[in-house]
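Read through the structure below, which is laid out as structure tokens, and then see the notes.
Nothing here was measured: the structure is a model prediction, and the numbers come from that model.
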Amino acid sequence: MLATLERIDPHSDNIDVLVELVCHLRPRQRWVWQTVDDPAQAVRTLTQLLKGNPEQAWALRRYITTLLEKRRHTSLYSDIGILSNDGFVTELKSRITYRFLPPALEDLYLSDALDQLLYRQDDYEWIRAVPDADWMTLFHTIANAPAPLDGNPGRARIVTLKGLLDAIRTLSCRVCALGLEPRLVHSYSQIENFDSPFLMQNIEVNRYLDEYARYLNGEIPRPDDARHLLVMLDQCEDVVLKIRRLALSSGTSIALTYLLVAVQQSIDRLQKLLFLVDVPEEELPNATRDVLSEMAATTPQLAPQLAEQAPVVLTPQGVVAEVAPAPAPALTPRERAVIALAEELIEAHNTKYQVTNLVRDNVDLLARNVTENASRTGEHYIAEDRKGLRKMLWSSSGAGFIVGFMALLKILLGYLHSPPLVQAFLFSMNYSFGFVLIHMLHFTVATKQPAMTAQRIAASLHRSATGRGIDVDKLAELVNKVFRTQMVAVLGNVLVAFPVAWAIAESVHWYRGEHLVDPIKALHLLNEIDPVNSPALFYAAVAGVWLFVAGLISGYYDNKALYTRMGQRVQQLRSLRRLLGAERLARLGTYVENNLGGLMGNFFFGILLGTTGTVGFLLGLPIDIRHITFSAANFATALVALDYQMTVPQLVNAAAGVLLIGTVNLLVSFGLALWVALRARKIRFKRGILLVQALGRRFAYSPIEFFLGPKHRQLPPPETDSARGQK
């Protein structure tokens, strides 16, 4: 480290020496610095070396100032950590490409210098491991180094300040352009009724910067503060929040989500930069102001982070020795802002080519809207009272009736011995059209419920979390409703699918004089649902995953129907208007908009079920699906084909297989759907034991109501005049 300091040329703009100096501070290996190789120790050592050698401290300061003077700052503050205007797909392709072959670096830009200086992707982690106090001490040591000749302490300050001001102008123009994008205006048409805050903030920024330039030229004593400009930016943020809230009911797209993220990032950065350049009411002393300016210039290279640690000194023998911890100096608001910006810049720089960050920032908002639509659908899958349970029983019974015939058709299609891909297509269409018919007749497949009801539970958690915490009793009531509704739906499916399949098999035997399937096929059907001697439960888990995926598909298309105004678009089809008439076409458009998610979710679910086995066969993988309702129908078919010649263990094994397959279907689909819904809403529920206790209390208080529900739906208490007045 000392040899590197001695080689510094104060007037050189070659960054190699600074890169070497940072390498002395950087831990040798990531796992080492967490235990032995402490980066804070290296920073303290450098500080003591500079304190003991003022000439080297000044040389380092002049060297850093020269590097800053020779490079352009604007792109560092306006681009790093902010999405480009290229769009999600273009940005994604660029990041993937740059992961393998990074772009060429130029000495013209400070952001490229940062690439050379902090080239490891985990540099921001060891920088955060150094306490703020240690970084501050180092920066003060460099900034306060006495100039032996003609050192100009304000040069770095002016260069950095101009870079910040240029970045403010650039970001303001970007916010204005993004705020006037047709997608954004289309999503919030009210913005056309008044002056756009995105346009007004740009006008205000230009006025503010022009006045700031007059202040720097000495024409005025001080510029106006940025208070009014910050109000305009707050109004821009309000518009972004309103569009996000509207997206929950009117849908969104990846392009709109990307646009909202980019606007919000630009506004946040703009606010931080304005705070840094704003002139306070009481001017700071010159020395302190110079320190802050030098710190702002050098912070992108070395950012302070985390808590304080014990300082070190150099003994006469040159050994680093620890001394008693000294209290860390209190940071001013300006210093804290500099540190926050440095943290953001360095981490964003180290992760700027990571695909996961881009996907996370954009998909989280899209997933929130998708799951929100699914949660609204999930409300229809929850029975509030015994009348609702009877409706659910009837609805699920209708689905069981149709599934009985779907199981028959699947067996007949299997007898065609078609080529694998043709067979996969036939099986898929059998499943898809059957599930779509079930949806159109307003029947219910029990295994479709968990993906919807899980979103409903997560939505309930989210709404509660915004208040005074989660009401565990209310949550237990909702979970209890979901549980008994789900059990009734399963019973309706199984108790009807089984006798329907049995009746079909007996009818075929009576009409043709032979069974629908031969004994070998019957034994094969029984082996498929064997929970012990076959991978039936694993295949049931695969089906549970597809149930979860179908729920996401439903939410996606519900969101798409709302965002693209599918109903209105259907009503504008002139050919259909001539065929159906305006009134019927209006009803069709409304139906498509309200049911597109359900139709597409069921259709794709059928394709997933029908192709899984064939794909597994073609790839040589042990992959297939097992579904409770079809398993029950196959059980009935096999029972008839074997002329009821089954032992008690065989009957018990088959019945247990059907129940266990259903349990795995439900648990996997429900668990995945709840996990995604919680992640989309950024919720962590840690009161599982309290929920179990609340459910136990409900069961102990009224076991019958726990399983059968209340006789009548419990309405909320009427709102009093005093309550309305308080609102």
Side-chain angles (χ1 to χ4, degrees), residues 374-407 434-457 459-460 473-503 547 551 554 591 594-595 598 601-602 627-633 636 655 658-659 661-663 665-667 669-670 673 695 698-716:
S375 73
R376 285 194 291 271
T377 304
E379 294 177 0
H380 303 294
Y381 287 93
I382 301 176
E384 298 287 342
D385 52 16
R386 295 181 187 178
K387 181 180 179 181
L389 288 177
R390 287 193 294 269
K391 290 182 179 179
M392 179 57 67
L393 182 63
W394 167 255
S395 175
S396 59
S397 299
F401 180 82
I402 295 177
V403 168
F405 286 92
M406 292 170 62
F435 287 134
V436 168
L437 178 61
I438 289 172
H439 176 82
M440 295 178 66
L441 295 177
H442 303 289
F443 293 153
T444 302
V445 178
T447 50
K448 287 285 292 179
Q449 287 180 277
M452 305 300 178
T453 54
Q455 317 290 352
R456 176 68 177 83
I457 292 175
S460 176
D473 290 331
K474 289 290 185 182
L475 179 61
E477 181 181 1
L478 177 60
V479 172
N480 187 197
K481 292 177 183 178
V482 170
F483 168 75
R484 59 176 172 249
T485 307
Q486 185 70 71
M487 292 302 101
V488 168
V490 170
L491 288 175
N493 284 169
V494 174
L495 295 181
V496 174
F498 186 91
V500 167
W502 173 86
L547 286 162
S554 296
Y591 180 84
N594 294 335
N595 294 273
N602 282 287
H627 190 276
I628 178 175
T629 313
F630 288 92
S631 298
V658 172
L659 294 178
I661 287 172
T663 302
N665 288 160
L666 300 176
L667 289 179
S669 59
F670 182 83
L695 289 171
R698 295 181 64 86
F699 176 76
Y701 178 75
S702 180
I704 296 178
E705 188 172 303
F706 186 87
F707 289 103
L708 300 181
K711 293 183 178 180
H712 304 287
R713 181 176 182 179
Q714 298 177 355
L715 299 176

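Minimum heavy-atom separation, Arg484 to Glu705: NH1-O, 3.2 Å. Nearest heavy-atom pair, Ala501 versus Ala636, reported as atom, atom and distance to 0.1 Å: CB-CB, 4.0 Å. Heavy-atom minimum distance, His439 versus Asn602: CB-ND2, 3.7 Å. Summarising the geometry of Asn665 relative to Ile628, their closest heavy-atom pair is OD1-N, 3.2 Å, with the distance given to 0.1 Å. Nearest heavy-atom pair across Ser554 and Gly598 is OG-CA, 4.3 Å. Residues Val500 and Gly404 come closest through the heavy atom pair CG1-CA, 3.9 Å.
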Evaluate the side-chain contact (heavy atoms from CB on, under 4.5 Å) criterion for residues Asn493 and Val403: first the C-alpha distance (whole Å), next the side-chain angles of each, then the deciding distance (0.1 Å), finally the verdict.
CA-CA 8 Å; Asn493 284 169; Val403 168; over 6 Å; no
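Annotation: the span from Asn595 atom CG to His442 atom NE2 amounts to 7.0 Å, rounded to 0.5 Å. For the atom pair CE of Met406 and CD1 of Ile438, the computed distance is 5.5 Å after rounding to the nearest 0.5 Å. Rounding to the nearest 0.5 Å places CG of Leu441 at 11.0 Å from CZ of Phe401. To the nearest 0.5 Å, atoms CG (Asn480) and OG1 (Thr485) are separated by 9.0 Å. In this structure, NZ in Lys481 is found 11.0 Å from CG in Leu389, a value given to the nearest 0.5 Å. Expressed to the nearest 0.5 Å, how far OG of Ser396 lies from NZ of Lys391 amounts to 14.0 Å.
Aromatic ring orientation, Phe435 versus His627: tilted (interplanar angle from 30° to 60°).
Side chain of Thr629 to backbone of Gly400: no donor-acceptor contact under 3.5 angstrom is found.
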